[in-house]
A.B. asks: 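Right, I'll just put the structure down here and ask away after.
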Amino acid sequence: MADVLTFTDSGIYCPAGDFYIDPWRPVPRALITHGHADHARGGMGRYLSTDGAAPVIRHRLGEIDLATIRYGETRRIGEAEVSFHPAGHVPGSAQIRVEVKGQVWVVSGDYKVVSDGLSEPFEPIPCHAFITECTFGLPVFKWTAPERLAADLNAWWAAAAGQGRFALIGAYSLGKAQRVMAAADASIGPILTHGAVENVTEVLRAQGLPLPATIRVTPELDLKAHPGALVVAPPAALSAPWARRFSPASAPATTGFASGWMALRGVRRRRAADRGFVMSDHADWAGLNDAIRATGAERIFVTHGYTSPFRRWLEEEGYDAHVVSTEYAGEGETEEEEA
Amino acid sequence: MKHFAALFRAVDQTTKTSAKVAAMAEYFSIAPDADKLWCVALFSGRRPRRTITATVLREWAAERAGIPLWLFEECYPVVGDLAETISLVLPPPEQETDRPLSHWIAEIRRLSALPEAERKAGILAAWDGLGPTERLLFTKLLTGGFRVGVSQKLMTRALAQATGQEEAELTHRLMGSWTPETVSWDSLVHAPDPTADLSRPYPFYLAYQLEDLAALGPASDWLAERKWDGIRGQLILRGGEHHLWSRGEELMTDRFPELARLKDFLPPGTVIDGEVLAWNGAAEEPLSFNALQKRIGRKTVPKKLLAEAPAILMAYDLLEWQGADLRQTPFAERRALLESAAAELPPEAPLRLSPLVAAESWEGLAGERARSRELMAEGLMLKRRDSPYLAGRKKGDWWKWKVDPLSIDAVMIYAQSGSGRRANLFTDFTFAVWKGEELVPFTKAYSGLTDAEFRQITAWVRRNTLQKFGPVRQVPPQHVFEIGFEGIQRSTRHKSGVALRFPRMLRWRHDKPVAEANTLADLQTMLATYGGPETVTEAEA
């Protein structure tokens with residue numbers, strides 16, 4: 001029996017439906033799991049995404065030929081039945097289920113299994129073959145529980161606010177930035193945002209996501225009117241000249257990063273921030289293993305992350321496991337920002 | 001250990017020295033004496049020795065975590081620290097206990113003496129009862145790898161704040177060979193007579209690399225000496241005994257037994273700062289650093305090596321004379337006293353006076369500096385005539401004026417990730433030069449690039465790995481780096497036939513095509529020019 005999906009130089013391809021999933025080279029027809037730049041790229045003929053992911057994809061890619069689909073809705077493309085299911089990664093993100101002649105394959109895109117309160121929670125989809133990321137596919141990665149994360153974040157912010165200092169946090173513009181805002185206790189103070197964060201936040205807010213009020217940082221903004229604010233910015237902005245105005249000599253800002261890599265002390269120290277919050281939009285070790293088990297799949301393809309040890313682990317666990325080379329970046333510790 | 005863990009987190013998660021000092025001062029004011037004593041010991045590098053092998057700890061941790069050992073080994077280079085890898089893979093604690101730091105150190109000692117099965121049970125129980133930071137610290141104590149991002153200077157400052165003692169006084173008290181088993185908190189910090197300890201050294205004065213020659217004022221305010229390429233040492237002659245201390249506060253007395261003879265030539269109550277060098281007595285010049293290197297690792301020295309690489313102290317400062325502390329006396333006066341003391345020594349005494357480099361002007365000194373390599377020196381030391389002997393690394397009165405490094409353009413062929421704060425980042429590279437069409441590896445280098453450059457090269461290595469050999473990645477020869485080094489020696493252990501001293505990356509030559517990198521013949525020319533006399537450089541080690 002022919003494989004439902006194949007792996008090409010342009011991306012994951014479905015011969016029966018003649019479409020690609022999250023391709024990295026221009027192709028006529030692309031199904032997109034979510035709006036991060038390594039998954040949603042420009043130059044495709046036609047796009048298909050969930051209605052929840054579409055606004056951000058449009059915001060980032062501009063005028064494109066984009067059709068949308070609801071979670072769980074089945075659409076026939078050529079000989080393939082296609083449906084999108086929540087991946088829990090960022091609002092609107094999806095796993096893509098492809099069925100051809102009774103064979104079911106699922107492409108996870110990026111995912112996490114713990115609910116973040118904003119993204120539609122991950123749903124395990126039974127399948128024969130599961131194509132999974134493994135950005136954090138080593139047993140040293142175990143995420144902090146969301147309640148504890150919120151408590152740590154607010155304690156850090158409140159301490160800074162109490163001293164009249166800004167709490168400056170680096171978080172990806174799409175996903176973690178909004179999780180930080182949602183976890184922040186608005187009684188401590190106002191939330192200021194870097195333009196890149198605010199742009200995405202506006203898009204999500206317009207979709208109806210319950211996000212708190214934020215104030216865009218512009219050159220004209222009077223910072224003195226917002227003492228002790230939480231400032232949410234893309235990670236790279238923290239080391240850019242942009243961040244300097246939050247650190248007057250009298251009361252330098254305290255800095256933090258929200259990233260799965262903050263689980264590692266070496267990375268925390270390298271980033272030279274005051275605090276590292278272990279917050280990721282990817283599954284941790286236990287999450288990956290649970291998700292894979294829940295699919296009931298026997299064939300597993302690992303795409304990006306610690307692919308080689310993770311594949312070997314899966315094989316020893318009894319799976320028919322393979323590494324697939326892709327151009328997805330995952331949560332780049334070395335890349336400054338995803339877009 | 002919760003207080004100690006909180007202190008560790010506080011100093012670990014901030015880069016601001018004021019916050020680190022405040023956290024330590026707070027700890028010193030609330031912790032019990034036994035814990036404070038251990039804290040000072042640990043923060044000044046007095047780690048308990050590793051008593052349990054890392055191998056069994058890895059096995060026990062993997063077993064407890066329910067993962068195969070190979071998977072644990074895959075995690076290790078990503079985390080970059082054994083104790084942290086262990087504490088991350090273990091399941092969350094079943095019930096947390098809070099016992100003082102000193103309890104856990106005593107527990108480690110107790111477990112070390114037990115048969116392996118009981119030892120294992122004890123360690124697994126400890127892991128199960130400790131929260132994440134406590135577990136990391138306990139495991140670091142077990143592996144003997146405890147380090148913290150606080151200098152001894154900052155710790156001493158915090159201790160001064162907490163105890164009301166003078167910082168300089170405390171610095172002196174904390175030196176020497178004490179351990180928490182041999183002293184009490186009171187005797188270490190408060191007892192009236194710190195000089196009772198005859199072996200106690202003075203804190204070393206360390207120089208910075210010269211930044212701006214023009215800012216030094218007239219050359220006549222300064223004295224210049226050669227900067228010797230040996231091991232900094234402080235020789236103490238007191239009460240009929242002698243002690244030799246390294247800059248890292250390690251006693252090296254037994255490693256250089258020939259220096260014991262100085263007791264016969266110099267009076268008690270003498271402390272000399274100088275450089276331990278392997279010495280060619282016939283030529284009256286230093287042997288290469290390689291000759292000295294053979295002595296460094298050895299706690300006892302075989303006769304053959306004593307004859308091949310005899311050591312002397314190249315003296316350059318006098319810190320104590322006739323029992324009096326001279327550190328506040330101007331350098332020129334200390335130097336004059338040192339000269340008169342040295343003048344009376346016979347040639348067989350293993351001490352030489354580091355000669356002054358005479359010059360009327362900075363131009364003259366620059367000319368002398370340029371001759372450094374032929375005199376087996378690294379450059380010049382500049383010391384202000386009227387300077388006191390300060391403690392620690394201070395700017396202003398002493399400067400290192402090293403010669404520019406030798407350099408060669410080389411091609412990167414292998415990359416390996418670093419450890420600690422460089423974990424998961426490719427920072428350790430192997431470089432090669434051309435030999436015809438072939439690239440011959442000749443050195444590794446780890447430092448010299450900016451964090452941004454390391455990130456850039458890491459992303460490139462990840463995308464361009466040709467082959468993996470364990471943690472080492474082979475990469476295509478595409479990037480040229482200028483490698484700087486201080487010296488070059490013949491070596492039979494390296495395929496290239498040369499060994500470099502202090503190799504590091506001076507810059508990433510984006511502008512240079514791989515084909516224009518240097519050749520092995522270029523290295524051999526440098527070896528002929530700077531490699532020194534033909535000596536047997538390979539130790540039996």
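Sequence lines set the chain letters: A, B, ... in the order given, protein chains first and strands last, and positions in each chain run from 1. Model, not experiment: these values are computed from the prediction. Below, each value reflects all heavy atoms present in this structure, side chains not excepted, and no hydrogens, waters or symmetry copies.
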A.B. asks: Can you tell which part of A:Glu327 gets under 4.5 Å to a heavy atom of chain B, answering side chain, backbone, both or neither?
C.D. replies: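 Contact with chain B is absent: no heavy atom of A:Glu327 under 4.5 Å.
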A.B. asks: I'd like to know if the side chain of B:Asp12 reaches the main chain of B:Phe8, judged simply by a donor and an acceptor atom lying under 3.5 Å from each other, with no hydrogens or angles considered.
C.D. replies: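 Pair absent, no side-chain N/O of B:Asp12 close to backbone of B:Phe8.
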A.B. asks: Any heavy-atom pair between the side chains of B:Met1 and B:Phe138 that's under 4.5 Å?
C.D. replies: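 Answer yes - side chains close enough.
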A.B. asks: What residues of residues 80-89 of chain B sit under 4.5 Å from chain A when you count only heavy atoms?
C.D. replies: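 The residues closer than 4.5 Å to chain A, in numerical order, are B:Glu84, B:Thr85, B:Leu88, B:Val89.
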A.B. asks: Any idea which of A:Pro309, A:Gly276, A:Ser308 has the most non-hydrogen atom pairs under 4.5 angstrom with chain B?
C.D. replies: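 Sorted descending by pairs with chain B, the first entry is A:Pro309.
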A.B. asks: Looking at B:Trp508 versus B:Phe454, is the centre-to-centre ring distance below 6.0 Å?
C.D. replies: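 Distance test on ring centres: not under 6.0 Å, no.
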A.B. asks: Does anything in residues 150-164 of chain A reach chain B? List residues with heavy atoms under 4.5 Å apart, or say none.
C.D. replies: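 Result: none.
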A.B. asks: Run the salt-bridge test on A:Lys112 and A:Asp284 with the 4.0 Å N-O cut-off and return the result as yes or no.
C.D. replies: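 A salt bridge is absent here (no side-chain N lies under 4.0 Å from a carboxylate O).
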A.B. asks: Is A:Phe310 close to chain B through its backbone or its side chain, or both, or neither, when contacts mean heavy atoms under 4.5 Å?
C.D. replies: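 Neither part, no heavy atoms under 4.5 Å.
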A.B. asks: A:Trp285 vs A:Trp313 aromatic rings, parallel, tilted or perpendicular, using cut-offs 30° and 60°?
C.D. replies: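 The rings of A:Trp285 and A:Trp313 sit tilted, inter-plane angle from 30° to 60°.
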A.B. asks: Using modelled atom types and a 3.5 Å cut-off, is there a donor and acceptor pairing between side-chain atoms of A:Asp274 and backbone atoms of A:Thr255?
C.D. replies: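 Judged by distance alone, yes, a pair lies under 3.5 Å.
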A.B. asks: Looking only at heavy atoms and a cut-off of under 4.5 Å, which of A:Ala273, A:Gly266, A:Gly256, A:Pro252 has the most pairs with chain B?
C.D. replies: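 It is A:Gly266.
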A.B. asks: Would B:Arg64 and B:Trp127 count as a cation-pi pair here, with the cationic atom under 6.0 angstrom from the ring centre and within 45° of the axis?
C.D. replies: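 Negative - B:Arg64 is either too far from the ring of B:Trp127 or too far off its axis.
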A.B. asks: List the steps and the verdict of side-chain contact (heavy atoms from CB on, under 4.5 Å) for B:Trp460 and B:Val475.
C.D. replies: CA-CA 9 Å; B:Trp460 180 82; B:Val475 294; 3.7 Å; yes
A.B. asks: If you measure from CZ on B:Arg157 to CE on B:Met24, what distance do you get to the nearest 0.5 Å?
C.D. replies: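 Taking CZ in B:Arg157 and CE in B:Met24, the distance rounds to 9.0 Å.
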A.B. asks: Tell me whether the centres of the aromatic rings in B:Phe431 and B:Phe481 are closer together than 6.0 Å.
C.D. replies: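 For B:Phe431 and B:Phe481, the ring centres are under 6.0 Å apart.
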A.B. asks: Side chain, backbone, both or neither: which part of A:Arg265 has a non-hydrogen atom closer than 4.5 Å to chain B?
C.D. replies: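 A:Arg265 touches chain B through backbone and side-chain heavy atoms alike.
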A.B. asks: Do other residues, nucleotides or ligands put more than 12 heavy atoms under 6.0 Å from B:His3 NE2?
C.D. replies: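 Incorrect, the count does not exceed 12.
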A.B. asks: Does B:Trp38 have its ring centroid less than 6.0 Å away from the ring centroid of B:Trp104?
C.D. replies: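 Between B:Trp38 and B:Trp104, the centre distance exceeds or equals 6.0 Å.
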